[in-house]
Amino acid sequence: MLQVQGPAIATLPVGDDHSPITVIGTDPIRESFGSQTFQQAINSRLAPGVSRVVLNPDAHVGYGAPVGCVMVSPSHVYPGPVGVDIKCSMSLLQTNLPAEEIADPKVRRRIIQAIAKRVPTGAGRGQRHAPKSRSVDAALGFQLATEGASKSVLKKLGIPKSWATRCEDASHTAPDGSVDTLAARLDWMGRQRDKRDRIESKYRQLGSYGGGNHFGEAEVVSLSQDPELRAIGEQWGLRDGQVAFLSHCGSRGFGHDLAMGQFRAMKAHFQSTGLAFPAGDPQLVYAEAASPEGQKYLCDMAMGANFATVNHLLINQLVLESFRDVFPGVQGELIYFISHNIARQEPIDGKLQWVHRKGATRAFPAGHEQLVGTDFESTGHPILLPSNPRDGSSIMVARPGASVSAFSVNHGAGRRLSRTKAKKQLNQSNVDQDLLDHDIISNCRAYPRDEAPDAYKDFNEVLASVRHAGLADEVARLKAKFVLKDGAPADD
DNA sequence: ATGTCC
């Protein structure tokens with residue numbers, strides 16, 4: 001059923017009156033997709049108002065739409081193809097610390113402990129569990145949810161204001177461009193019965209990782225040997241052989257509540273108006289962007305996105321302070337902060353459309369109109385792709401060929417084993433020994449087996465898919481030295 | 001992803 005178009009590009013036809021789904025992946029990668037993943041992609045493609053769907057090499061089954069897909073619509077917004085964790089993102093902090101300085105595992109252990117005092121991991125964890133974090137009261141929480149990384153918010157949290165220029169989007173507003181519209185909606189939410197305390201408790205999670213596949217990881221940067229790609233990395237501020245810190249997290253409980261509230265509200269709207277769910281799936285609810293329901297969704301998405309943005313920036317500042325506990329005077333700069341769960345308006349096929357990326361990363365090449373005036377106009381922006389600590393993570397740059405995938409690439413390696421299968425099939429001592437054999441330590445007594453390197457697809461095959469499809473090239477590889485994750489007990 | 005049930 002797949003029609004091969006090139007070395008790592010295929011199409012999946014869905015009928016005469018719809019353009020086919022674009023599938024990115026080498027032969028082994030495309031063969032790894034399950035039938036349910038394809039079915040979710042087809043459901044998404046046939047849903048109302050949708051103009052394009054792209055399936056990336058890390059695709060697997062998700063909520064309504066696959067994780068690892070891009071859905072484009074000129075007119076409609078879809079909460080499912082944004083995802084439950086609104087603006088789940090990656091960020092990279094580059095320090096000027098030579099790799100040799102953290103060769104000793106005892107030094108790494110001290111840094112891990114310093115970070116743990118400031119940035120908690122685990123579900124429900126917030127400032128209460130981090131004695132050296134920041135205090136986020138109701139007023140500051142309200143402000144950052146409505147303003148994002150504004151100058152005032154960054155100053156109050158002690159974050160360098162220059163970092164806002166290294167964000168895919170530093171601030172999200174209501175669709176009318178107004179902060180006041182968001183403030184009115186958040187104010188209204190806070191006046192609902194029993195909601196205020198819950199919202200305020202979520203503000204206090206600012207500066208925390210959460211659980212699941214979220215993590216913080218110290219890396220050694222290894223720039224490409226290719227002179228052009230190496231020069232791009234140096235222009236971005238990457239430093240070969242020096243320590244960087246990669247983070248993966250999102251909008252925590254605050255964004256989760258907003259997303260679930262939207263699924264509930266839209267489902268109720270469908271039921272009260274008799275509208276049919278696409279493919280009968282309530283997880284594929286939608287609204288016209290211009291409708292009252294669509295506008296409310298975009299407001300809530302913006303507030304979740306603002307929380308995620310400031311969460312990442314604060315984590316990076318707290319991580320830098322932790323490094324300074326052990327290495328006073330060490331410098332750190334944010335290289336980039338980029339999401340893989342967000343809908344943005346972008347020019348696609350000659351018109352402005354809503355590009356929903358769910359487990360997919362924006363990939364604008366040099367000269368893209370939305371990069372004009374940014375630090376990345378002449379190079380394209382950094383693409384931050386995590387895989388696993390053992391096999392390293394990758395920093396890529398988009399090529400003009402990325403237009404075939406709606407200027408998107410994958411967001412990581414993608415799951416090979418379900419969490420249940422990973423826990424059943426993988427042996428705990430093998431998982432822990434594997435990391436030690438690669439000189440990687442972690443904050444966990446037992447590394448979570450469902451997050452083990454072998455629970456994920458072969459990262460090199462995934463990267464080969466991206467390169468062979470002509471979407472992006474690798475600027476640098478990151479080699480992990482230590483990892484912070486939500487620790488699982490040894491025998492769960 | 002998520003106080004794993006909103």
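Treat the numbers as computed from the prediction; the structure is a model and nothing was measured.
Taking atom CD of residue A:Glu451 and atom C1' of nucleotide B:dT4, one finds them 15 Å apart after rounding to whole Å. With rounding to whole Å, A:Lys267 atom NZ is found 11 Å from B:dC6 atom P. A:Gln283 has its CD atom 12 Å from the P atom of B:dC6, to the nearest Å. Between the P atom of B:dC6 and the CD1 atom of A:Ile199 lies a distance of 17 Å, rounded to the nearest Å.
The backbone N or O of A:Gly190 sits nowhere less than 3.5 Å from a side-chain atom of A:Arg198 that would complete a donor-acceptor pair. For A:Ser89 (side chain) and A:Lys87 (main-chain N/O), a donor-acceptor pair under 3.5 Å exists by modelled atom type.
Nucleic acid contact class of A:Gly250 (heavy atoms, under 4.0 Å, all strands): none. Across all strands shown, A:Gly211 has heavy atoms under 4.0 Å from sugar-phosphate atoms exclusively, and none from any base. Residue contacts for A:Asp257: at a heavy-atom cut-off of 4.0 Å it reaches a base atom on one of the strands shown.
Position along DNA chain B of the nearest nucleotide to A:Ser251 versus A:Arg198 favours A:Ser251 as the more 5'-ward residue. Between A:Arg419 and A:Met260, the residue anchored closer to the 5' end of DNA chain B is A:Arg419, taking for each the nucleotide with the nearest heavy atom.
A:His76 and A:His356 are not linked by any side-chain donor-acceptor pair at a separation below 3.5 angstrom, with hydrogens and angles left out of the test. At a cut-off of 3.5 Å, with distance as the only test, no side-chain donor of A:Gln36 or A:Gln40 sits close to an acceptor on the other residue.
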